[in-house]
Number of protein chains: 2
Amino acid sequence: MALGRLVAGCIDMGHPRLRDFNCKHCFSRSKTQWEALTDAEIEIMSESAFCREYDPGEVLFNEGDQCKGVYCIRSGLVVVRKLGKDSKYVLLRRFGQMGTTLGYRPFLAGDCHRGTAEIIKPSIICHIDRATLTPLLNNNPNLGLLFLKQAAVDLGNAEYELLESMMSARARLAHAIILFKKRYGKLSSDGLLEIELPLSRDDLAAMAGVHPETVTKIFRSFLNEGVAELTSHTLKITSIDRFLAELDGEYI
Amino acid sequence: MALGRLVAGCIDMGHPRLRDFNCKHCFSRSKTQWEALTDAEIEIMSESAFCREYDPGEVLFNEGDQCKGVYCIRSGLVVVRKLGKDSKYVLLRRFGQMGTTLGYRPFLAGDCHRGTAEIIKPSIICHIDRATLTPLLNNNPNLGLLFLKQAAVDLGNAEYELLESMMSARARLAHAIILFKKRYGKLSSDGLLEIELPLSRDDLAAMAGVHPETVTKIFRSFLNEGVAELTSHTLKITSIDRFLAELDGEYI
DNA sequence: CGCCAGGTTGATTTCGCTCAAGCAATGTGG
DNA sequence: CCACATTGCTTGAGCGAAATCAACCTGGCG
């Protein structure tokens, strides 16, 4: 993995801080925990949030970094990778949803970042530091409760992923693909579902918890069996029924 | 799995509700989210909490049940099993720590229970219903924040378990065993570490995410390699160094 | 043109699942 | 008190999915 290169390479990158920025526009477009904030509080947050554009390859934070606040993804795509031994790694999370808050777990648990966040697609991301967020949480109980609800949902997802992890590699990969459907799926001209997979083979593999070669082989078998066909980074699903059948692993 | 039998068998069991019960005693003995409560609030909770003793084999709630509140484990041991296809299952959780709160995830996410909770060791457990807990959460912001912190910690653990799930079966089993050390571990007369494993082979297997036969085989290889030896439900670790080496899977 | 990262492919190996048999401890009814 | 069913655990043989290893494309770029 060329993580070292990317980490080093990010130093000379970076866009200027976006100044004329109001979090209100962001929050109004999707339902998140931030809807608990009053207008005045949104104003405070907009003032102190550090927002800027990021290019693919830039690193938001590194594994082991002290967590100084949370990140709000306004647009784009970020992945968080956790390194293993001998250059293996796992994808802890995949973000893209605008309004998604990244890094709240280490923030709340008082933990270091457990993974390295790298920009995959050009993104606009705001950083809200501890000094801003802590008073908001203390003074607005609803914000805490909505964060709590979010945490409960995420915990449910994590629990579910744990069940997923004992399904076959095919099923795991199919589940990983489905996660991209909402944001990167569209109907092609011939009426079939096409899903863009904006990740490299290695990242896709890390997401499904398999090895990159296996990803290729499973795609090949999808092609042979007439389930789906892959061109570059777009998967065209030729038989939705058969593809959905892949999702039913041996558990659940 | 004989889950059906257990579920059916629990109907004629059950101890009387414990009346002279004050949650204060419970909370004072371990640090949990409940320490946010004022004395008055603890009084309210003690009044309305339904507490009683449970025998092994009794079922606290079933998979799919509506979640009507949370459970406080005062003492004992409970496991939560999630059924899979053809009578396989996974252990979602094991509880023993007194003061531990069980079922807060579905409570907060407005979800059904995802697993079936069965008593393993005689336990004393209190149920705090929605009508009691909701006002406490709404009126005491600190309670919400401490629950939030707990959720963040649990989320971290779930994340970690996800990493664990891609380690070898040996490593996973070793990790599962280590979880019992704190509560069920002690030094034997010859100075070696002994850990009681209060679960059946099947539960231990479900906890490590392997098959029961594999658990036996791994224990056998531990014996052959002089790492640890098992008698009935107690594991004696003969070489701590070698055992700890098992924990280092290929990841992390 | 040659280099190189990213991806593909096939041969081989290994881990742990599957299946089936056997055994020890416990309980039950005659 | 014994025959025998049941439950929980152990053991071994065989198999299969996916990891590993290694070679080989391929397209982009200096």
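The chains referred to below are lettered A, B, ... by the order of the sequence lines, with proteins before strands, and numbering in each begins at 1.
Ring centroid separation for the pair Y104(A) and Y71(A) does not come in under the 6.0 Å cut-off.
The distance between atom CG of L197(A) and atom P of dG6(C), rounded to the nearest whole Å, is 17 Å. Per the geometry, CD belonging to E213(A) stands 14 Å off P belonging to dA23(D), to the nearest Å. With rounding to whole Å, L173(A) atom CG is found 15 Å from dA17(D) atom C1'. Atom CD of E246(B) and atom P of dC15(C) are 13 Å apart (whole Å). Rounded to whole Å, the distance from CE on M166(B) to C1' on dG16(C) is 16 Å. The CG-C1' distance, from L204(B) to dC9(D), rounds to 13 Å in whole Å. For the pair R170(A) CZ and dG16(D) C1', the interatomic distance rounds to 14 Å; values are reported in whole Å. Atoms NE2 (H211(A)) and P (dG7(C)) sit 16 Å apart, rounded to a whole Å.
Residue T216(A) places its side chain closer to dT8(C) than to any other of dT18(C), dT8(C), dT20(D). Nearest to the side-chain atoms of K217(B) among the listed nucleotides dA19(D), dC17(C), dG16(C) stands dC17(C). Here the side chain of R201(B) is nearest to one of dT9(C), dC9(D), dG16(C), namely dC9(D). Among the nucleotides dA19(D), dC17(C), dT8(C), the one closest to the side chain of V210(B) is dC17(C).
Salt bridge status for R114(B) with E159(A): present, with a side-chain N to carboxylate O gap under 4.0 Å.
Taking 4.0 angstrom as the limit, H233(B) places none of its side-chain polar atoms (N or O) nearer than this to OP1 or OP2 of dG8(D). Considering only side-chain N and O atoms, R220(B) lies nowhere under 4.0 angstrom from the phosphate OP1 or OP2 of dT10(D). Distances shown here put a side-chain N or O of T214(B) below 4.0 Å from the OP1 or OP2 atom of dC17(C).
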Residues I177(B), L235(B); criterion side-chain contact (heavy atoms from CB on, under 4.5 Å); working and verdict: CA-CA 9 Å; I177(B) 291 166; L235(B) 186 79; 3.8 Å; yes
side-chain contact (heavy atoms from CB on, under 4.5 Å) between E225(B) and R242(B), worked out: CA-CA 9 Å; E225(B) 296 163 24; R242(B) 311 258 293 281; 4.0 Å; yes
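When K236(A), K181(A), K121(A) are each tested for a salt bridge (charged side-chain N to carboxylate O under 4.0 Å, His left out) with E196(A), only one passes: K121(A).
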